[in-house]
Asks: 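Dumping the structure here so I can ask a few things about it.
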Amino acid sequence: MGRTWTGTRGLWLSLAWLSASPALGCGRGDAPPAWRRGGAEPPAQGAAPATQGPAQRATAPLLAVRVERDGLAIAFALRSVDGGPRGEGAGRVEAPAAEPAVAAAGAEVVAEFTITDATTGAPATGLSPLGWMSRRDGAAGGAAAGRPGGGAADATSNDADCRGKIRSFMAGLLSVRPEVDMNAYLLWTLNQDSTVSAINPQVALGRTKLRSVVSLAGPGVSFALHPDRESLYVTLRGGRGLAVVDTRRGLVRTNVPVGEDPSRVVVAPDGRTVWVGNDGDGTVSVIDARSTDVLKTLQVGPGHHEIAFTGGGRAAWITSQRGESVTVVDGAALDPLGEIAVGEGIVSIAASDEAGTVQAANAARGEVVILDAARREIVGRVALKPGLGALQFEPRGRFSFALNPAADEVAVIDSATGRVAHALTGFAAPDAVAFTGAFAYIRNLGAPKVSLVDRAALGGPAAPPVIDVAVGQEAPSAAGARARSPAAAVAAPIAPMPEGNGALIASPADRALYVYAEGMMAPVGTLPSYGREPTSILVEDRSLKEVRPGVYATAVRLGPEGLYDVALLLDRPRAAVCLEAAVAPARCSPEEGHGEESSCGGDPAPGVALAPLFEPDLRLDAGEPATLRFRATAKGTAPALDAKEVEVMIMRFPVGFRWSGAPRAEGDGIFAVTFTPPAPGQYRFLAAAPGRGAPLGALPIVPLRVSPRGAGAAERRRGAAAPRRPGAEAGGAHGDAARR
């Protein structure tokens with residue numbers, strides 16, 4: 001479904017307009033790509049220069065087409081995209097210098113629409129376009145490529161077909177899906193079982209798609225998404241540091257060592273740095289978002305840390321729950337600017353550039369301390385009740401919400417007066433708040449409900465109305481002690497929908513995600529979490545964004561080779577525009593230098609090869625220790641691996657038991673681990689060497705079967721190969737059985 005998958009009013013208005021507007025035609029592009037004509041790449045024909053949009057540096061277009069419709073000039077281009085951190089470095093889609101660059105099947109590229117006034121050339125700004133690429137029926141292989149034996153004329157389309165496709169895409173039909181959807185967004189959930197899930201909610205409300213499950217090296221505490229949408233940062237318990245998740249590939253890119261017991265993670269507003277509060281050693285680690293190097297470790301005081309920014313990131317304000325002060329740090333130089341004595345017990349902090357103030361909530365004293373951001377001094381104190389928790393400003397920056405789960409209250413503080421504007425009651429342990437354009441959403445830990453506060457009434461003398469919406473069957477606290485753990489205190493269980501007219505709510509007790517559309521008295525849908533307990537949720541918006549005036553872009557992965565209709569639906573003026581694009585065959589021949597391109601349907605190959613030395617689907621006995629051996633060798637001329645570089649994780653599938661640890665080296669590139677499966681079931685064996693470009697998930701996953709104690713012995717004797725000396729396996733086959 002399109003971006004309005006829960007905005008039913010907007011959806012049906014769009015559908016009605018589209019079907020009732022016969023005068024709105026679809027224009028065909030006038031610049032077919034070079035590889036179809038057998039010549040050099042044509043000029044962009046009015047396409048704008050490469051944008052600095054999502055995951056992209058300025059590059060020549062791989063494909064460019066242009067059309068004029070209803071007074072607008074619309075250029076469509078596909079450009080190279082870098083797949084590394086911050087949009088640069090790894091995985092760039094490029095052709096060898098001797099060949100023209102083309103848009104190849106399976107490649108990660110940036111799809112870009114440049115929309116200008118056809119007469120003046122002025123950029124058309126402030127639009128909300130929807131875009132799709134759909135492969136024409138019969139437009140495969142040579143037919144699309146203009147090769148012998150086929151021709152583009154065999155796969156023609158017309159304007160009516162294009163408009164029909166747009167109607168189908170907008171309706172969210174499962175039977176009619178585009179190969180490339182430029183309006184998508186993903187839901188990321190942080191789960192209790194040391195995983196992060198990516199769910200595509202746009203297939204249909206009742207049949208969501210679990211896009212990927214990322215295995216972490218330990219239980220996650222909190223997470224934050226980088227503004228470029230390429231990296232997700234997750235703090236881990238158990239001394240595992242900070243996991244950096246590649247959102248495109250769906251795996252952990254690296255684990256960054258930080259301080260002890262990392263908890264809160266925040267990305268600076270400019271996206272250059274990532275800040276991690278280490279609750280175990282009184283420090284905050286500042287990490288370069290591009291290189292993931294630790295730039296500085298700040299001493300800020302003992303206890304839990306919360307972080308807020310003022311001046312667009314020029315200053316960072318850091319609390320320490322067991323310390324006496326708030327530390328202010330220069331966001332660029334990373335040098336301390338000073339400390340403000342506020343008293344021990346600060347549990348949360350919020351900043352508003354609009355109001356020029358910073359507020360800190362003291363749970364023990366039951367007060368909110370108001371600080372002047374420019375002068376860095378206390379200008380007021382608001383007396384409330386002990387037990388304060390989350391504190392957050394609403395988007396306009398005037399009112400802050402101070403939640404008190406101990407007193408079942410929410411205080412709305414007016415920064416213009418420094419006083420409580422409204423004291424709201426009737427909650428059940430309110431512990432988290434999120435905002436849409438119209439409402440504040442407050443999660444109740446002690447009841448299966450979310451409370452909505454009307455933001456339009458905050459400035460009036462009367463208390464704003466509070467609407468309780470029943471969400472789920474169980475209160476979040478029913479998830480047990482985990483729901484009341486320190487990790488739960490930094491969870492973000494509510495995420496506003498991209499449309500701004502509803503929210504997604506994570507329910508760990510129900511193991512589900514609920515979809516609420518404003519104006520309804522109950523959720524409009526439920527998204528399964530696939531057996532996991534989601535503690536936090538955020539939205540990765542992959543839709544078209546205006547990255548420069550009149551330039552709308554997003555990163556996409558191309559479909560199979562062939563001829564495509566590129567459909568664009570505009571809101572102002574109302575127009576449906578269709579262009580034509582062609583996707584070349586994937587170029588995956590290693591001898592031609594393409595073997596490790598993302599256009600081959602995968603990512604750059606890791607620098608490590610893994611060969612298990614036990615049978616596939618090896619059967620083990622529950623409760624019995626088992627030794628698993630495998631060979632891990634470095635590719636090319638790289639030095640041999642050390643045991644310290646290798647990590648092993650064994651997990652029960654799909655959820656449950658998880659074991660991780662370092663293997664022991666046995667020589668000749670052979671490593672071994674010994675573990676005891678706790679119960680029968682399906683297990684997965686994963687090995688990783690993050691320092692060699694092989695994080696968890698990059699190397700092959702080996703399945704294991706665990707039978708009840710004694711039940712697998714007979715079958716193992718029948719099917720397992722006899723042990724052989726190390727190095728005796730032929731052709732990389734799985735030669736050695738597990739040895740007890």
Side-chain angles (χ1 to χ4, degrees), residues 82-85 88-92 214-217 240-241 243-246 248-257 291-293 588-598 600-616 618 627-651 659-675 684-704 723-736 738-739:
D82 295 323
E88 298 183 9
R92 185 172 180 178
V214 182
S215 295
L216 305 173
R240 298 290 183 173
V244 183
V245 176
D246 188 316
R248 291 188 182 168
R249 295 188 292 171
L251 51 81
V252 176
R253 185 184 298 126
T254 186
N255 285 309
V256 182
S291 66
T292 67
D293 294 332
C588 299
S589 173
E591 57 269 19
E592 295 179 5
H594 301 293
E596 294 186 353
E597 290 186 5
S598 64
C600 299
D603 301 291
V608 176
L610 175 71
L613 303 182
F614 51 86
E615 294 293 336
L618 177 67
T627 298
L628 302 175
R629 291 177 172 81
F630 61 96
R631 185 187 299 277
T633 54
K635 294 182 179 180
T637 59
L641 277 81
D642 186 270
K644 296 179 180 179
E645 298 181 85
V646 183
E647 302 175 3
V648 172
M649 177 179 292
I650 301 173
M651 56 182 291
W659 179 93
S660 61
R664 58 183 180 275
E666 295 190 347
D668 195 24
I670 294 177
F671 301 88
V673 294
T674 301
F675 89 108
R684 300 291 186 267
F685 174 95
L686 300 89
R692 302 293 184 97
L696 281 171
L699 297 175
I701 298 174
V702 185
L704 303 172
R724 293 183 288 180
R725 61 183 176 82
E729 70 279 1
H734 301 171
D736 287 356
R739 294 201 292 265

Asks: Which heavy atom of A217 sits nearest a heavy atom of M649, and at what distance?
Replies: CA-CE, 3.8 Å
Asks: Taking D668 for its side chain and I670 for its backbone only, find out whether a donor-acceptor pair lies under 3.5 Å.
Replies: no
Asks: Given side-chain contact (heavy atoms from CB on, under 4.5 Å), test N255 with E647 step by step and report yes or no.
Replies: CA-CA 11 Å; N255 285 309; E647 302 175 3; 4.3 Å; yes
Asks: Could you tell me which non-hydrogen atom of P663 sits nearest to which non-hydrogen atom of V646, and how far apart they are?
Replies: CD-O, 3.2 Å
Asks: Could you pull out the closest heavy-atom pair between T674 and T627, with the gap in Å?
Replies: OG1-OG1, 2.9 Å
Asks: What class does the angle between the rings of F614 and F685 fall in, given that below 30° is parallel, 30 to 60° is tilted and above 60° is perpendicular?
Replies: perpendicular
Asks: For residues F630 and A687, report the shortest heavy-atom separation together with the two atoms involved.
Replies: CE1-CB, 4.4 Å
Asks: Considering non-hydrogen atoms only, spot the tightest contact between E645 and L641 and give its length.
Replies: OE2-CA, 3.5 Å
Asks: Kindly indicate whether the side chain of L628, heavy atoms from C-beta on, has any atom under 4.5 Å from the side chain of V648.
Replies: no
Asks: Considering non-hydrogen atoms only, spot the tightest contact between R684 and P703 and give its length.
Replies: NH1-CB, 4.1 Å
Asks: Can you tell me how far apart CZ (F671) and CZ (R664) are? Round to the nearest 0.5 Å.
Replies: 12.0 Å
